[in-house]
Amino acid sequence: MAQRLPSLNVLNVFDAAARHLSFKQAADELCISPPAVSHQIRVLEEQLGVLLFKRLNRALQLTPEGQTYHLDVHNALQTLHRATHKLLSKPASTPFRISSIPFISNSLLVPNIQKFRTAHPELQINIQSQIQRVDFNLGDIDVGIRHKKDEHIDLHFEDLATINITPVCSPAYLAANPDMGASKQLNDHCLIRLSVDQQVWPYWLKAWSLGFKPENELTLDNYQGVLDAVKQGLGLAMGYLPLLNPLLKSGELVLPFPEQVSEYSQIYLVYPKSQINNPNIQSFQHWLKSLFLTQYAV
């Protein structure tokens, strides 16, 4: 049967007594009484079945077994002390909080954020997916990723990409409706749209002078759901480029009107002007702009 290890408290007492070769001095160091030290040593010797000290009239001496054991115990305790000090002296991580459009969070940030975390282990990343505009006055967000720019004088808007719009559908849907390019045919199609964005279809239709009033619509509360419905061949949805470039390159989606593309808005990284020189924000901005260039290249 494996022998139970002595407690850390008993080993600390033994180490102090062995270093000082005095129960009294060990007691002073440990802020306990000399009898308590003597008792702990006796408990340890009984547990090990080995005599560790020679008790002389006015002195204390380690036995050969005690000397060997003390060397190993002392080194082990030093290792534990160093490990604990290293852990407790490690600087606390800095929170870095990102508020992003849900589609950007799901399609771009989450799949790639580990690379940024690896490069910046000192940052504790928190990603919040929300449609609502960031209120930096609350102090709980460091940067935001948004598709609209306001005139707030205290905010900096860093351009990430120009957003163009044109309808998208599945390859099978286009194959089944090869003549949908004629505006008069659009009335026969279901438009799948994001419930919070009621302007994008009218904007595109007006840009191309298409007098179309949809009669058949399917609305969803998130853009990923819109794309899933399109992939299932349920109808047409408005596509945001270059955000959908990966799906177009993979062939999961196609453009039924490739020549009718309209500039619609911008994607921005937003943060307070007072933080424009913040090294964490600057690092994230550089990483994010590079990510946009590589992930959304045509």
Please tabulate, one pair per line, all N/O donor-acceptor pairs under 3.5 Å involving side-chain atoms of residues 279-286, not counting sequence neighbours.
{"unit_1": "Gln282", "atom_1": "NE2", "unit_2": "Ile276", "atom_2": "O", "d": "2.5"}
{"unit_1": "Ser283", "atom_1": "OG", "unit_2": "Pro279", "atom_2": "O", "d": "2.9"}
{"unit_1": "Gln285", "atom_1": "OE1", "unit_2": "Tyr271", "atom_2": "OH", "d": "2.6"}

Per-pair distances, 0.1 Å, donor-acceptor, side chain in residues 227-234, under 3.5 Å, sequence neighbours excluded:
{"unit_1": "Asp228", "atom_1": "OD1", "unit_2": "Gln224", "atom_2": "NE2", "d": "3.2"}
{"unit_1": "Lys231", "atom_1": "NZ", "unit_2": "Glu252", "atom_2": "OE1", "d": "3.4"}

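Defined by atom type and a distance below 3.5 Å, a donor-acceptor pair is missing between the side-chain atoms of Glu122 and Thr94. Side-chain contact check for Glu29 and His20: at least one donor-acceptor pair (N or O, by modelled atom type) lies under 3.5 Å. Judged by distance alone, the side chains of Gln260 and Thr166 never bring a donor and an acceptor atom under 3.5 Å apart. Between Arg146 and Ser100, the side chains place no donor N or O within less than 3.5 Å of an acceptor N or O (distance only, hydrogens not considered).
When side chains are defined from C-beta on, Ile145 counts as touching Ile267, because their heavy atoms get closer than 4.5 Å. Here the side chains of Tyr296 and Pro246 are in contact, with some heavy-atom distance below 4.5 Å.
For the ring pair (Phe, Tyr, Trp, His ring centres under 6.0 Å) with Tyr240, the qualifying choice from Phe103, Trp204, Tyr223 is Tyr223, the only one to do so.
Residues Val200 and Met238 share a closest heavy-atom pair of CG2-CG, 3.4 Å.
Contact check on Lys273 versus Glu158 returns no salt bridge, with no Lys/Arg side-chain nitrogen under 4.0 Å from an Asp/Glu carboxylate oxygen.
Remark: Glu259 CD is loosely packed, at most 12 non-hydrogen atoms of other residues, nucleotides or ligands lying under 6.0 Å away. Heavy atoms from other residues, nucleotides or ligands lying under 6.0 Å from CZ of Arg55 number more than 12.
Here His74 pairs with Asp15, Arg19, His70, Gln78 under the side chain to side chain contact (heavy atoms under 4.5 Å, CB included) rule; sequence neighbours left out.
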